[in-house]
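Worksheet: the structure to be examined is printed underneath.
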There are 2 protein chains.
Amino acid sequence: MGRWEPGASGRLREAALALYLERGFEQTMVADIAERAGVTARTFFRYFGDKREVLFDGSSELEERSLAALEAAPATASALDAVSAALDAAAETIGDNRDLARARQRVITANASLRERELIKLTSMSAAVAGGLRQRGIGDAEASLAAETGIAVFRVAFERWVNAAEDRDFGDVIHETLTQLRTLTAAS
Amino acid sequence: MGRWEPGASGRLREAALALYLERGFEQTMVADIAERAGVTARTFFRYFGDKREVLFDGSSELEERSLAALEAAPATASALDAVSAALDAAAETIGDNRDLARARQRVITANASLRERELIKLTSMSAAVAGGLRQRGIGDAEASLAAETGIAVFRVAFERWVNAAEDRDFGDVIHETLTQLRTLTAAS
DNA sequence: CTATTGATGTCATCTGATGACATGGGATTG
DNA sequence: CAATCCCATGTCATCAGATGACATCAATAG
């Protein structure tokens with residue numbers, strides 16, 4: 001391959017997270033990250049579109065797995081049931097390493113522009129889920145509403161799980177949140 | 001007051017929206033906006049924190065009015081009812097000029113970084129609504145879930161209203177969406 | 001051995017953003 | 001009326017993020 005140490009993108013990811021944790025996102029310059037990873041800043045931008053994206057690499061994988069679960073749900077499942085299956089898959093993907101999730105989330109929560117990026121990733125996920133629902137024959141309106149609702153549940157559940165004192169299973173927290181949603185909307 | 005034509009921030013807002021519509025957001029430089037408004041770029045950044053913020057000025061007013069409606073809701077109202085009242089207020093604030101909303105939305109939808117900014121504004125709104133619900137004695141978990149759900153309804157409803165062929169009342173669309181949500185979550 | 005390829009470096013440049021300081025017209029005050 | 005202050009704005013300098021154009025060099029194919 002190349003003449004340099006392989007795995008540049010991985011090193012950049014690690015270096016970025018470490019530095020963002022040490023000094024904060026804004027206080028970290030791309031040149032610093034690149035230096036720690038043993039490349040130049042120009043190379044950083046070849047791997048990641050911008051300074052924030054380096055923290056959101058896995059999101060496409062998350063989206064793919066969730067979509068796969070959505071498609072695999074039985075045809076008889078309701079819109080919300082299918083969304084629930086997608087959420088389970090998401091939980092399984094993320095739920096393995098809570099420490100990493102927490103570190104990442106600490107960095108993101110501390111910075112507005114990172115929160116922005118996180119939100120748009122979730123929105124992309126929402127759009128994808130809505131598309132998956134439509135392919136299951138669900139109408140446009142119901143599809144987007146169910147997808148948005150699913151994302152809302154995910155957001156709330158993730159925040160609970162990450163900040164929980166005890167070590168809970170992410171999937172359980174999601175189901176609990178979903179149940180709470182049903183209660184909430186049922187009450188008149 | 002100053003020695004120059006007053007109303008600089010208003011002129012900057014108008015100039016920005018016009019230019020974003022004409023050439024697109026990224027193709028418009030801050031210096032262009034400033035020039036059209038008769039000030040310098042430095043002045044632009046005195047009024048608006050960044051190039052995107054100029055499109056989101058009214059969001060604080062929207063938040064305030066919605067919060068006021070939330071607080072004004074009867075004490076007996078459920079969490080979702082209170083949220084519904086807040087959404088009504090939001091609809092009333094926005095619903096007057098659909099053309100402006102549509103122009104703004106066209107610009108925002110066309111640009112990823114503007115969509116990011118819009119999302120974080122909605123999240124800020126969500127947090128504020130959750131806070132308002134907590135002040136009504138609703139528990140943390142239920143408050144944030146109800147708020148997030150409300151935002152989801154708002155997003156879906158706004159998108160429908162703005163893109164609708166006919167000229168519908170925004171409040172009506174919101175109620176319709178809310179009803180649909182209840183149906184959705186009720187089905188087992 | 002030579003050509004090709006692909007990841008990386010180097011250089012130049014643009015734009016967004018921000019701090020420090022200057023300026024001058026209107027408002028205030030004696 | 002004149003001295004003075006206030007403050008919105010201008011001017012200047014500088015930095016960091018981002019991107020295009022082109023050079024470079026090791027591995028690998030043929």
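Chain letters run A, B, ... following the sequence lines, proteins first and then strands; every chain starts at 1. Nothing here was measured: the structure is a model prediction, and the numbers come from that model.
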Grab the [atom1]-[atom2] distance between [X] and [N] for me, whole Å please.
X: Asp32(A); N: dA16(D); atom1: CG; atom2: P; result: 9 Å
X: Arg11(B); N: dT9(D); atom1: CZ; atom2: C1'; result: 11 Å
X: Gln27(B); N: dA18(D); atom1: CD; atom2: P; result: 17 Å
X: Ile33(A); N: dA16(D); atom1: CD1; atom2: P; result: 13 Å
X: Arg46(B); N: dT23(C); atom1: CZ; atom2: P; result: 15 Å
X: Leu12(B); N: dT9(D); atom1: CG; atom2: C1'; result: 12 Å

Phosphate oxygens OP1/OP2 of [N]: is one of them under 4.0 Å from a side-chain N or O of [X]?
X: Tyr47(A); N: dT8(C); answer: yes
X: Thr40(A); N: dT8(C); answer: no
X: Thr43(A); N: dA7(C); answer: no

_Heavy atoms only, 4.0 Å cut-off, all strands: where does Ala41(A) land among base, sugar-phosphate and nothing?_
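It contacts nothing in the nucleic acid.
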
Whether [Y] and [X] form a salt bridge (side-chain N of Lys/Arg under 4.0 Å from carboxylate O of Asp/Glu) is what I want to check.
X: Glu53(A); Y: Lys121(A); result: yes
X: Glu118(B); Y: Arg155(B); result: no
X: Arg134(B); Y: Glu142(B); result: no

| said: Cation-pi check for Phe56(B) against Arg104(B): NZ or CZ below 6.0 Å from the six-membered ring centre and within 45 degrees of the axis, yes or no? | reply: yes

Filtered N/O pairs between nucleotides 15-17 of chain C and protein, under 3.5 Å:
{"residue": "dG16(C)", "atom": "OP1", "partner": "Lys51(B)", "partner atom": "NZ", "Å": "3.1"}
{"residue": "dG16(C)", "atom": "OP2", "partner": "Val30(B)", "partner atom": "N", "Å": "3.4"}
{"residue": "dA17(C)", "atom": "OP2", "partner": "Lys51(B)", "partner atom": "N", "Å": "2.9"}

Is there, by distance only and without an angle test, a donor paired with an acceptor across the side chain of Arg42(A) and the base of dG17(D) below 3.5 Å?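 Such a pair does not exist between side chain and base.
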
Practice task
Taking the side chain as every heavy atom from C-beta outward, state whether Phe25(B) and Arg52(B) have any atom pair closer than 4.5 Å.
Solution key: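 Heavy-atom side-chain distance check passes, below 4.5 Å.
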
Side chains of Val162(B) and Arg106(B): does their closest heavy-atom pair fall under 4.5 Å? no

Original post:
Relative to the ring of Phe154(A), is the ring of Phe158(A) parallel (under 30°), tilted (30 to 60°) or perpendicular (over 60°)?
Top reply: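 Geometry flag for Phe154(A) against Phe158(A): parallel rings.
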
Q: Using only heavy-atom distances, determine whether the side chains of Ser84(B) and Asp81(B) contain a donor-acceptor pair under 3.5 Å.
A: no

Query raised in the report: If you measure only the distance, is there a donor-acceptor pair under 3.5 Å linking the side chains of Thr93(B) and Glu61(B)?
Result: no

query: By a strict heavy-atom criterion of less than 4.0 Å, which residues belonging to residues 105-115 of chain A are in contact with DNA chain C?
result: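 Per residue number, the list is empty: none.
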
